[in-house]
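Everything on this sheet refers to the single structure shown next.
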Amino acid sequence: MRPSGAKANFLPPGLVSNLQDVLSSRKGAPQNDKNDDSTEPNSVSDDPVEVDDTKPVVLVTNADGIESPGLTYLVDALIRLGLYNVNVCAPQSDESTAGHSLTLKESIAVTSAEIHGATAYEVSGTPVDCVSLALSGALFSWSKPMLVISGINKGSSCGRHMFYSGVLAGARESLFSGVPSISISLDWKKDESQESDFKDAVGVCLPLINAALRDIEKGFFPKCCLLHVEIPKSPLTNKGFKSTRQSHWSPKLCWQAISASRNPAAGRFVPNQQMLGLQLAQLGRDASAAGAARRLATQKKNIEEVESVGVSGKSDPNRKAKYFRLELLDKKREEEDDDLDFIALENGFIAVTPVSLSMHVEADVHAAASEWISTALEVEQ
């Protein structure tokens with residue numbers, strides 16, 4: 001039971017109404033809730049959808065979000081082939097620059113989704129969360145997919161941008177678990193590219209996906225690396241596949257100060273007990289199909305530090321917040337080797353870069369670091 005007195009007055013009326021709807025719906029069907037809770041761990045295995053065990057299992061994830069055209073076109077094409085048991089586990093929102101981040105000390109919501117008949121789930125987490133959860137055995141009825149495909153991402157992830165890339169992190173997490181993986185990005189250009197380019201991108205990379213699945217089954221596919229595929233901005237005019245190396249190119253990180261009056265998050269700040277309502281709405285979103293809870297979750301995600309709040313829950317007028325916005329800008333490329341990822345991409349090739357899990361250090365660098373370590377410790381002693 002929850003009190004209806006003073007605490008409720010701190011919450012916006014719309015939020016109170018949404019929460020009451022969620023709670024009353026739970027209250028009105030206690031038997032259903034009990035059944036759902038007791039069977040939740042086995043809900044996937046009890047799914048009436050028949051799984052063809054004779055087909056290889058393919059897991060698709062991405063970083064742009066489950067509703068992105070790159071993922072939906074890819075899933076549709078794989079389903080139409082009729083050769084694979086296609087499953088999807090992808091973020092519910094854009095996590096393109098999430099890197100290899102995991103969600104810890106917080107629950108993530110998993111909701112079933114409909115994508116061209118595939119078994120699909122959207123996750124309120126990162127691409128790594130999605131792949132880790134999918135491979136854990138807690139969500140899907142199968143134990144291990146034959147291949148994990150992460151993409152198709154909107155925008156290239158060449159060079160050192162791979163370290164920021166959520167789409168590549170999804171494939172990397174798969175490789176951590178010993179599952180072969182491919183990540184795919186489209187060199188999307190603002191004011192030039194269009195949604196149909198994703199459909200074309202799927203068409204040109206399907207031969208590589210089919211070849212990978214064929215050779216995984218035969219034991220010929222590389223086991224110690226993932227393949228990162230970069231598709232040029234005009235997929236249908238590509239010059240073919242080219243094996244490339246990761247370059248040292250990286251985007252320029254440009255931080256700009258934003259005034260409080262121009263910061264859109266400032267107007268959405270919800271202090272003190274109202275934040276409790278946001279948290280309650282987030283907890284209730286898996287039981288409520290209402291869009292209000294999801295909108296509130298989105299608002300919470302977009303809130304920046306707009307006001308300092310003390311331990312007592314009161315704002316501190318002596319502590320002022322500053323606002324900054326990050327933009328990734330292109331910078332001059334200094335490398336010119338034809339077999340580098342971004343050079344091949346700019347020249348119209350589909351760049352395929354093997355990415356290893358090994359944190360390899362060049363021999364001369366290792367020797368120099370070892371010499372410094374031994375020398376520095378001798379001086380200290």
In Å and rounded to the nearest 0.5 Å, what is the [atom1] to [atom2] distance from [X] to [Y]?
X      : Y      : atom1 : atom2 : answer
Lys233 : Glu192 : NZ    : CD    : 4.0 Å
Tyr121 : Asn87  : OH    : CG    : 8.5 Å
Leu102 : Asp129 : CG    : CG    : 5.5 Å
Leu226 : Ile149 : CG    : CD1   : 13.0 Å
Tyr84  : Lys55  : OH    : NZ    : 11.0 Å
Ile350 : Asn238 : CD1   : CG    : 3.5 Å

- Does the side-chain contact (heavy atoms from CB on, under 4.5 Å) test come out yes or no for Asn210 and Leu81, once each step is laid out? CA-CA 10 Å; Asn210 289 330; Leu81 286 176; 3.7 Å; yes
State, to 0.1 Å, how close [X] and [Y] come at their nearest heavy-atom pair, and which atoms those are.
X      : Y      : result
His116 : Thr72  : CD2-O, 3.5 Å
Pro180 : Ser174 : O-OG, 3.8 Å
Pro145 : Val148 : CG-CG2, 4.0 Å
Gly99  : Val128 : O-CG2, 4.1 Å
Glu95  : Pro127 : CB-CD, 3.6 Å
Ala169 : His100 : O-CE1, 3.5 Å

[X] side-chain N/O to [Y] backbone N/O, donor-acceptor pair under 3.5 Å:
X      : Y      : value
Lys144 : Ser177 : no
Lys239 : Asn347 : yes
Ser181 : Ala171 : yes
Ser165 : Leu168 : yes

Residues [X] and [Y]: side-chain donor-acceptor under 3.5 angstrom:
X      : Y      : result
Trp142 : Asn85  : no
Asp200 : Tyr73  : no
Asp341 : Thr353 : no

- Message: Run the side-chain contact (heavy atoms from CB on, under 4.5 Å) test on Met146 and Val57 for me, step by step, so that the C-alpha distance in whole Å, both residues' side-chain angles and the decisive distance to 0.1 Å come before the verdict.
- Response: CA-CA 5 Å; Met146 182 171 288; Val57 174; 5.7 Å; no
Taking the side chain as every heavy atom from C-beta outward, state whether [X] and [Y] have any atom pair closer than 4.5 Å.
X      : Y      : answer
Asp76  : Lys199 : no
Leu147 : Pro56  : no
Ile108 : Ser124 : yes
Cys205 : Ile182 : no
Val352 : Ser243 : no
Leu59  : Val179 : no
Asp187 : Pro232 : no
Ile115 : Val60  : no

- Task: Could you tell me whether Arg80 atom CZ has more than 12 heavy atoms of other residues or ligands within 6.0 Å of it?
- Result: no
Please answer: with hydrophobic residues joined when any side-chain heavy atoms are less than 4.5 Å apart, are [X] and [Y] in the same cluster?
X      : Y      : value
Phe349 : Leu236 : no
Val131 : Val110 : yes
Leu135 : Leu213 : no
Ile216 : Leu208 : yes
Leu206 : Leu227 : yes

- Query: Which of parallel (below 30°), tilted (30 to 60°) and perpendicular (above 60°) describes Trp188 and Phe198?
  - Reply: parallel
- Message: Testing Ser157, Cys158, Ser150 one by one against His228 for a side chain to side chain contact (heavy atoms under 4.5 Å, CB included), which residue passes?
- Response: Ser157
- Message: Go through it in stages, so that I can follow the logic: the residues are Asn62 and Ser68, the test is side-chain hydrogen bond (donor to acceptor under 3.5 Å, both in side chains), and I'd like the CA-CA distance, side-chain angles, deciding distance and then a yes or no.
- Response: CA-CA 9 Å; Asn62 76 344; Ser68 66; 2.8 Å; yes
- Message: Between Cys89 and Val123, is the side-chain contact (heavy atoms from CB on, under 4.5 Å) condition met? List the steps.
- Response: CA-CA 7 Å; Cys89 189; Val123 179; 3.6 Å; yes
